[in-house]
Amino acid sequence: MTRYASVLDLIGSTPVVDVSALSPKANVAILTKLEGRNPAGSVKDRVALSLVDAAEREGRLVRGRPGQTLIEPSSGNTGIALAMVCRLRGYELTVVLPTNVSPERRQLLMAWGARIIDSPGAEGSNGAVRLARRLADEHPEWVFLYQYANPANPAAHYATTGPEILADVPEVTHFVAGLGTSGTLMGVGHYLKEHRPSVQVWAVEPPSGELVDGLRSLDDGYIPPIFVDQGGAALLDRKVVVRPRESIEWTRRLTDVGLFVGLSAGATMAGAIKCAKEIPDGQSATIVTIASDDGWKYLSTGAWSDDVDSVVERARRIIYF
Ligand SMILES: Cc1ncc(COP(=O)(O)O)c(C=O)c1O
């Protein structure tokens, strides 16, 4: 067993597992990278550490100085990961959360000692972003890292996730990942294309107006600044639309290969299956996808136990992501 000086040293170097048993084509391999193995449970550990490290380098945060507060609107994994990193680095974190997020999310943030400010549930995560921006304006002494616009987000994936994928799967032909902030797709996509220009980068997004765990449709009107700054439109080869129902069905199917992963992992797997189906017969391909987190935070969706219609309906009312 390896010995580590800090839990932060456990971030990254996640395993990749072959899930080709679920591939619709014998000559198309599918592998998924298990980001739930990160210490706070998701791919966002990489991003949270990168955001805080960058703020320290820029002098916006100073380690050891008492009373420094960060603010972040997040009902999701970034808030949880930031809460863990801030706890270890000695910063206070305030998270703006819609009132209707799932109980697991709220409790995980509390476990790491984050302060929670409620935003109106009816306004969803966009309402949390608005309130966080207002509070950041009112408190210029607070540090607002804002993952949607912060280049340290894709930089984390360019420096770690991309190189890990290429080292473990040098034969990769396609990279399929969900689009939330677009940090994963921009960072990994640029890295892979620089080193293997023929690799295709496919984004998975929900249909406009529908929610899939952690993902957003660019047609909903908000385009993350990092997507624009990093030339996202030119980088992506394809966008593939996955509906909430498909993401739940494929999350369940992944248990057939022993994986208990979050709903966006089901969505990216559904995207990988669509990608595999489009590979011409007789041609070989190796698709790499990302499983952003594990299933634990989603148990109250009933995704593994209830009928799919009631899970889809529940996910409309409660923010799980
Ligand atoms: C569970 C989950 N999957 C996928 C994503 C999308 O990743 P990215 O923000 O890098 O586009 C997120 C982002 O918040 C997420 O929380």
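Numbers here are sequence positions counted from 1. Whatever order the structure lists them in is the order used to number ligands and atoms, beginning at 1.
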| query | Less than 4.0 Å between a side-chain N and a carboxylate O, is that true for Glu278 and Arg238? | reply | yes

| query | Under 4.0 Å between a Lys/Arg side-chain N and an Asp/Glu carboxylate O for Arg3 and Asp9? | reply | no

| message | Go through it in stages, so that I can follow the logic: the residues are Leu179 and Phe227, the test is side-chain contact (heavy atoms from CB on, under 4.5 Å), and I'd like the CA-CA distance, side-chain angles, deciding distance and then a yes or no. | response | CA-CA 10 Å; Leu179 193 150; Phe227 182 85; 4.1 Å; yes

| said: Going by the closest heavy atom to atom 7 (O) of ligand 1, which one wins out of Ile290, Thr78, Thr184? | reply: Thr184

| task | Quick one: list whatever passes side-chain hydrogen bond (donor to acceptor under 3.5 Å, both in side chains) with Thr286, sequence neighbours left out. | result | none

| task | Answer yes if the side chains of Glu72 and Ser74 hold a donor-acceptor pair under 3.5 Å, and no otherwise. | result | no

Just jot down the ligand 1 atoms closer than 4.0 angstrom to any heavy atom of [X], in number order.
X	value
Gly178	11 (O)
Ser264	1 (C), 2 (C), 3 (N), 4 (C)
Gly180	6 (C), 8 (P), 9 (O), 11 (O)
Ser292	1 (C), 2 (C), 3 (N), 4 (C)

Do any nitrogen or oxygen atoms of [X] come within less than 3.5 Å of a nitrogen or oxygen of ligand 1?
X	result
Asn153	no
His157	no
Tyr298	no

| Gly76 to ligand 1, any heavy atom closer than 4.0 Å | no

| Can you tell me if Lys44 has a non-hydrogen atom under 4.0 Å from ligand 1? | yes

| query | Should the pair His139 and Trp142 be assigned to parallel (<30°), tilted (30 to 60°) or perpendicular (>60°) ring geometry? | reply | parallel

| query | Would you call the rings of His174 and Trp202 parallel, tilted or perpendicular, where under 30° means parallel and over 60° means perpendicular? | reply | perpendicular

Does only the side chain of [X] get under 4.0 Å from ligand 1, or the backbone, or both, or neither? Count heavy atoms.
X	answer
Ser182	backbone
Leu179	backbone
Thr181	both

| message | Going by side chain to side chain contact (heavy atoms under 4.5 Å, CB included), name the residues that satisfy it together with Pro15, two or more places apart in sequence or in a different chain. | response | Leu34, Arg37

| message | For Ala81, is there any backbone N or O sitting under 3.5 Å from a side-chain donor or acceptor partner on Asp45? | response | no

